[in-house]
Asker: 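One structure coming up, written as structure tokens, with questions to follow.
Computed from a prediction, not measured in an experiment: that's the story for all the values here. Side-chain atoms are counted along with the backbone in the values below, which use heavy atoms only and exclude waters and symmetry mates.
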Amino acid sequence: MKPNARTLPRGLRRVVLVSLLVPMATGSVAQTPLRWTGESDIAAVDATPAVSVSAAAAGTPAYRPPAERAMPLADGFDVRLFEAMAQEVVANQRVPGLAMAIVHDGRVLSARGYGITDVRAAEPVDAHTVFRLASLSKAFAGTVTGMIVSEGSLRWDSRVADYMPSLRLSDPLAAQRLTVADVLSHRVGLARNSYDRDLERNADYNTLVQKLAIAPMTCGVGDCFSYQNIAFSLVGDVVFGATGQFFSEAVASRIFKPLGMNDASYGLEGIQASARWAKPHVRAGAGWQSLVPKPTYYRVAPAAGVNASISDMAQWLVAQGGHRPDVLPAPLLATLQAPIVGTPGELRGSSWRRERLNTAGYGLGWRVYDYSGHRVVFHGGAVQGYRGLMAMVPERDFGVVILWNSESSVPSGLLPTILDRAIGLPAKRWLDVELSDAAVLAMDDAGDHATDGSSAAPVMRTAGGSVSSTASARPR
């Protein structure tokens, strides 16, 4: 009989699931996987996970160590095609504005803007136009926490209550058992999106944390996946307690600044202070209406607080792909991007998920998929007037980010279209656009500067079509 996490006794289930975390040692010492040997004891073991993820949680992608050498992109992969598709997505304001970055082998193949920032005061979206990231922020929270773990100021099994003594959950023992890893992998045990509706009605974060004391528990802490925004943001309090830095300052000093994410910020004040930013849009009859961004989900900064340009996100892709070991070392990335709990509900999601995903899981701020036999590290984000998608294919050393400033679902088809081409899967019509003659002509005109996956030059294609050098360098 295949092991299934739901059939295991509760205590054993917790031991098995937590044992899947790839460990973080302190400083620059070589880091090896850890085995969870008790409620709070950890011991280092050899270079393979103590228990495979597939054995711990049915339907979770198995952990795969990074390949020593990435495979090339599939034959025929052409960045110009996807740039032309993105341009068609914004044609006739099907979507007001969009930005997309494509990265391969540590080099930025494209980081461009398309369309406009605001239908009422139109300016072109460019590589430095700032968008709201919504739940793409969760990977920043997981990453900065992992950096603090590697410094030795925190452990993955540190108890949240040690930093928040007043924390209460409806199960009297649950708050005492809740760990940092539980929070970042959405294994708090609460009902899905607990108190998000209250947040949307302008309740403040501290009030909602106090209300967690009466929130229904759907399972024991560490025993099941249930997506959160309020509870996920407890990690911000932990970061403050462990470092003395406010959460947003910790991310800015440890991630934004060293990676050169110069347009990135946190919060409503951050986006409004940006030199150029994309306004959120909602449907208004047959067109779009721009709005002032709502402050609500900015109040849960770890879950949904980041603002960034596509230039920033290109550097984030480079770093998450392992090409900035001075900031994000490979063992840390392996830890963050390893699935530790199954999320089978995703297999019933959008059309590309239904057709392409074999298994789905969640790590530490990242979703991890078996995408037609290929490991894909992913997250999406959505708040009023903004959407975003980010995906990486480690075996190809490839990544893509797409951000747009409306509630349209049209651009989401770009992601599986690009992934399929990068991997070499049979073409599917995920994207509802037709390339115009002008778009095809533009591709031909850009031929002198274009790159493909096999001989990608380190170039950044900007919104104006110029080419410049670049270093390799409700939220849900």
Asker: Do the ring centers of F398 and F77 come within less than 6.0 Å of each other?
Answerer: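 Distance test on ring centres: under 6.0 Å, yes.
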Asker: Under the 3.5 angstrom rule, does the side chain of T243 hit a backbone N or O of Q245 as a donor-acceptor pair?
Answerer: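 Side chain of T243 to backbone of Q245: a pair is present.
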Asker: Kindly indicate whether the side chain of V401, heavy atoms from C-beta on, has any atom under 4.5 Å from the side chain of W316.
Answerer: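 They are not in side-chain contact.
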Asker: Would you indicate whether the side-chain heavy atoms of L403 and I310 approach each other to under 4.5 Å?
Answerer: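 I310 reaches L403 side chain to side chain.
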Asker: Can you check whether H186 reaches R192 side chain to side chain, under 4.5 Å on heavy atoms?
Answerer: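 Side chain of H186 against side chain of R192, heavy atoms only: no contact under 4.5 Å found.
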Asker: Answer with yes or no whether the side chains of T129 and E123 bring together a donor and an acceptor at under 3.5 Å.
Answerer: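 No, because no side-chain N or O of E123 sits under 3.5 Å from a partner of the opposite role on T129.
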Asker: In this structure, is the centre-to-centre distance between the rings of F140 and W366 below 6.0 Å?
Answerer: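 Here the rings of F140 and W366 have centres that are no less than 6.0 Å from each other.
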Asker: The test is salt bridge (charged side-chain N to carboxylate O under 4.0 Å, His left out); show your working for D370 and R375 and say whether it passes.
Answerer: CA-CA 5 Å; D370 178 324; R375 180 168 169 262; over 6 Å; no
Asker: Show the nearest heavy-atom pair for residues C224 and T218, with the distance to one decimal.
Answerer: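 It is SG-OG1, 4.2 Å.
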Asker: Do T179 and D157 meet the criterion of a side-chain donor-acceptor pair at a distance under 3.5 Å?
Answerer: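 The criterion, which ignores hydrogens and geometry beyond distance, is not satisfied for D157 and T179.
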Asker: Can E83 and R112 be counted as an ion pair, charged N to O under 4.0 angstrom?
Answerer: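 Salt bridge: yes.
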Asker: Hey, are the side chains of F82 and S110 touching, using non-hydrogen atoms and a 4.5 Å cut-off?
Answerer: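 Answer no - side chains too far apart.
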Asker: Looking only at heavy atoms, which two atoms of P302 and V235 are closest? And how far apart?
Answerer: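 Taking every non-hydrogen atom into account, CB-CG1, 3.8 Å.
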Asker: Could you walk me through whether D237 and Y205 pass the side-chain hydrogen bond (donor to acceptor under 3.5 Å, both in side chains) test, one step at a time?
Answerer: CA-CA 11 Å; D237 300 272; Y205 167 71; 2.5 Å; yes
Asker: Would you say the side-chain atoms of R387 pair up with the backbone N or O of A382, donor to acceptor, closer than 3.5 Å?
Answerer: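 Such a contact is absent between R387 side chain and A382 backbone.
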Asker: Quick check, are the ring centers of F240 and F247 under 6.0 angstrom apart?
Answerer: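 Judged by ring-centre distance (under 6.0 Å), F240 and F247 do not meet the cut-off.
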Asker: Do L419 and V393 touch side chain to side chain, with heavy atoms closer than 4.5 Å?
Answerer: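 Of all side-chain heavy-atom pairs linking V393 with L419, at least one is under 4.5 Å.
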Asker: Taking atom types as modelled, is there a side-chain donor on S350 or R353 under 3.5 Å from an acceptor on the other?
Answerer: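 Checked: S350/R353 side chains pair up, N/O donor to acceptor below 3.5 Å.
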Asker: What I'd like to find out is whether the side chain of Y298 reaches to under 4.5 Å of the side chain of Y266, using heavy atoms alone.
Answerer: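 Sidechains of Y266 and Y298: no contact.
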Asker: State which residues pass side-chain hydrogen bond (donor to acceptor under 3.5 Å, both in side chains) with T207; sequence neighbours excluded, sorted by chain then number.
Answerer: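 Per chain and number, T207 pairs via side-chain hydrogen bond (donor to acceptor under 3.5 Å, both in side chains) with D204.
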Asker: Quick one, Q228 and N193 - any side-chain contact, counting heavy atoms below 4.5 Å?
Answerer: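 No, their side chains stay 4.5 Å or more apart.
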Asker: Hey, is the main chain of L133 close enough, under 3.5 Å, to the side chain of S137 for a donor-acceptor pair?
Answerer: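 Between the backbone of L133 and the side chain of S137 there is no qualifying donor-acceptor contact (under 3.5 Å).
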Asker: Show your working on salt bridge (charged side-chain N to carboxylate O under 4.0 Å, His left out) between R356 and D420 and close with a plain yes or no.
Answerer: CA-CA 10 Å; R356 288 290 190 234; D420 285 0; 2.9 Å; yes
Asker: Does a side-chain heavy-atom distance below 4.5 Å link Y371 with W352?
Answerer: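 The answer is yes, as the side chains (C-beta and beyond) meet within the 4.5 Å cut-off.
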Asker: Test: side-chain hydrogen bond (donor to acceptor under 3.5 Å, both in side chains). Region: residues 401-417. Which pairs qualify, not counting sequence neighbours?
Answerer: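 Matches after skipping sequence neighbours: H281-N405.
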Asker: Do we see a donor-acceptor contact under 3.5 Å between the side chains of K138 and N229?
Answerer: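 K138 vs N229: donor-acceptor pair found between side chains.
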Asker: Is there a donor in the side chain of N307 and an acceptor in the side chain of Y386, or the other way round, less than 3.5 Å apart?
Answerer: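 No - no donor-acceptor pair under 3.5 Å links their side chains.
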Asker: Do you know which of D263, D126, N262 makes side-chain contact (heavy atoms from CB on, under 4.5 Å) with S309?
Answerer: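 Between S309 and the candidates, side-chain contact (heavy atoms from CB on, under 4.5 Å) is satisfied uniquely by D263.
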